Amino acid sequence: MAGLSMGSLWLAASNFVTAAAWGHVALIVFSSGYGELSSTMSTVCGEILTPAVKTALMISFVEIFNCVVGFTRSPLAAVLLFSCTRFGVEYLVAPMIPCGSWQHLITVAMWGLGDFIRFGCFGLDTLIPNTPTFKSIRFSVAPILFPIGASGEMFMVIHAASVNNKPMMYVAAALWPVFFYPMMQQLLRQRRKHFQPKDKKKQVK
């Protein structure tokens, strides 16, 4: 750790802060439970969970900064699409449906758990480079949580279209698989490359 540059230290710190913010979201969801969060008598969802999600989303925009200045090699277009979609879902779509609806809860639960692991692994990988364990964890969990979270987002839009009588929102929901597919393909390619035996990697090079 003594040999890390200031850029690497910033990257590690920003990833850990982002992981902590999303971990807080996951903790609220899983410690409160569906019964309390979905209850119309409870204020946990609106007064505790929603502010935590919005805070985590704002902190997550640091990933765009890290990408722009070259601290990460992530494609900027993919990072923008990922961040802006979530921001739009929570700030524009979520207010149109009950906070405790299953569509919203499953979405933020997958965001929280997924990004707690993702950014946590990013941070550890920066502090302790060349340790395949962190990427193995990330590439084992992401292909499970990402599709569930993306499906939750789509069903949030569908639910909002239904309860607010906005037919055009069904068109927006229909676009979800279009944008999800290439991102999932990219994730699976990265996963295959990571878990590929070393001798095969050398042959590819």
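Keep in mind the model is a prediction, meaning the values are calculated, not measured. All heavy atoms count here, side chains included; hydrogens, waters and symmetry mates do not.
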| said: Are Leu145 and Ile28 linked, directly or through intermediate hydrophobic residues, by side-chain heavy-atom contacts shorter than 4.5 Å (ILVMFWY only)? | reply: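 As far as the 4.5 Å side-chain criterion goes, Leu145 and Ile28 are connected within one cluster.
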| field | Connected via hydrophobic side-chain network under 4.5 Å: Tyr91 and Ile158 | value |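 Same cluster: Tyr91 reaches Ile158 through Ile, Leu, Val, Met, Phe, Trp or Tyr contacts under 4.5 Å.
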Looking at [atom1] of [X] and [atom2] of [Y], how far apart are the two atoms once the value is rounded to the nearest 0.5 Å?
{"X": "Gln186", "Y": "Tyr181", "atom1": "CD", "atom2": "OH", "value": "13.0 Å"}
{"X": "Phe134", "Y": "Ile117", "atom1": "CZ", "atom2": "CD1", "value": "13.5 Å"}
{"X": "Leu37", "Y": "Ser31", "atom1": "CG", "atom2": "OG", "value": "8.0 Å"}
{"X": "Leu49", "Y": "His24", "atom1": "CG", "atom2": "NE2", "value": "9.0 Å"}

| message | Within 45 degrees of the ring normal and closer than 6.0 Å to the centroid, is that where the cationic atom of Arg118 sits relative to Trp111? | response |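 Cation-pi check for Arg118 and Trp111: fails.
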| message | Taking CZ in Phe116 as the centre, count heavy atoms belonging to other residues, nucleotides or ligands within less than 6.0 Å. Is the count above 12? | response |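 Open: at most 12 neighbouring heavy atoms sit under 6.0 Å from CZ of Phe116.
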| Within 6.0 angstrom of Phe155 CZ, more than 12 heavy atoms from elsewhere |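 At most 12 heavy atoms, drawn from other residues, nucleotides or ligands, come within 6.0 Å of this atom.
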| message | Checking Phe119 against Val17 for the side chain to side chain contact (heavy atoms under 4.5 Å, CB included) test, could you report, in this order, the C-alpha distance in whole Å, the side-chain angles of both residues, the deciding distance, and whether it holds? | response | CA-CA 9 Å; Phe119 285 104; Val17 170; over 6 Å; no
| said: Checking Phe61 against Phe87 for the ring pair (Phe, Tyr, Trp, His ring centres under 6.0 Å) test, could you report, in this order, the C-alpha distance in whole Å, the side-chain angles of both residues, the deciding distance, and whether it holds? | reply: CA-CA 10 Å; Phe61 275 107; Phe87 189 87; 5.5 Å; yes
| Pairs flagged by side-chain hydrogen bond (donor to acceptor under 3.5 Å, both in side chains) wherever residues 127-139 is involved - sequence neighbours left out |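 Passing the test, one end in residues 127-139: Ser136-His194.
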| request: For Asp115 and Arg86, run side chain to side chain contact (heavy atoms under 4.5 Å, CB included): C-alpha distance rounded to whole Å, both residues' side-chain angles, the deciding distance at 0.1 Å, then the answer. | output: CA-CA 12 Å; Asp115 275 5; Arg86 288 186 169 187; 2.6 Å; yes
| message | For the residue pair Ser14 / Asn66, report whether a side-chain donor-acceptor contact shorter than 3.5 Å exists. | response |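 Distance-only check passes for Asn66 and Ser14.
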| Just by distance, with hydrogens left out, do Trp176 and Thr85 show a side-chain donor and acceptor under 3.5 Å apart? |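 Note: Trp176 and Thr85 side chains miss the donor-acceptor criterion.
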| Stepwise, does the side chain to side chain contact (heavy atoms under 4.5 Å, CB included) test hold for Met156 with Val89? | CA-CA 8 Å; Met156 280 180 66; Val89 166; 3.6 Å; yes
| Reference residue Val108; test side-chain contact (heavy atoms from CB on, under 4.5 Å); the match among Leu57, Val53, Leu113 |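 So, applying the side-chain contact (heavy atoms from CB on, under 4.5 Å) to Val108 and each of Leu57, Val53, Leu113, only Val53 qualifies.
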| message | Evaluate Phe180 against Phe146 for ring pair (Phe, Tyr, Trp, His ring centres under 6.0 Å), listing each step before the verdict. | response | CA-CA 9 Å; Phe180 166 79; Phe146 179 47; 5.2 Å; yes
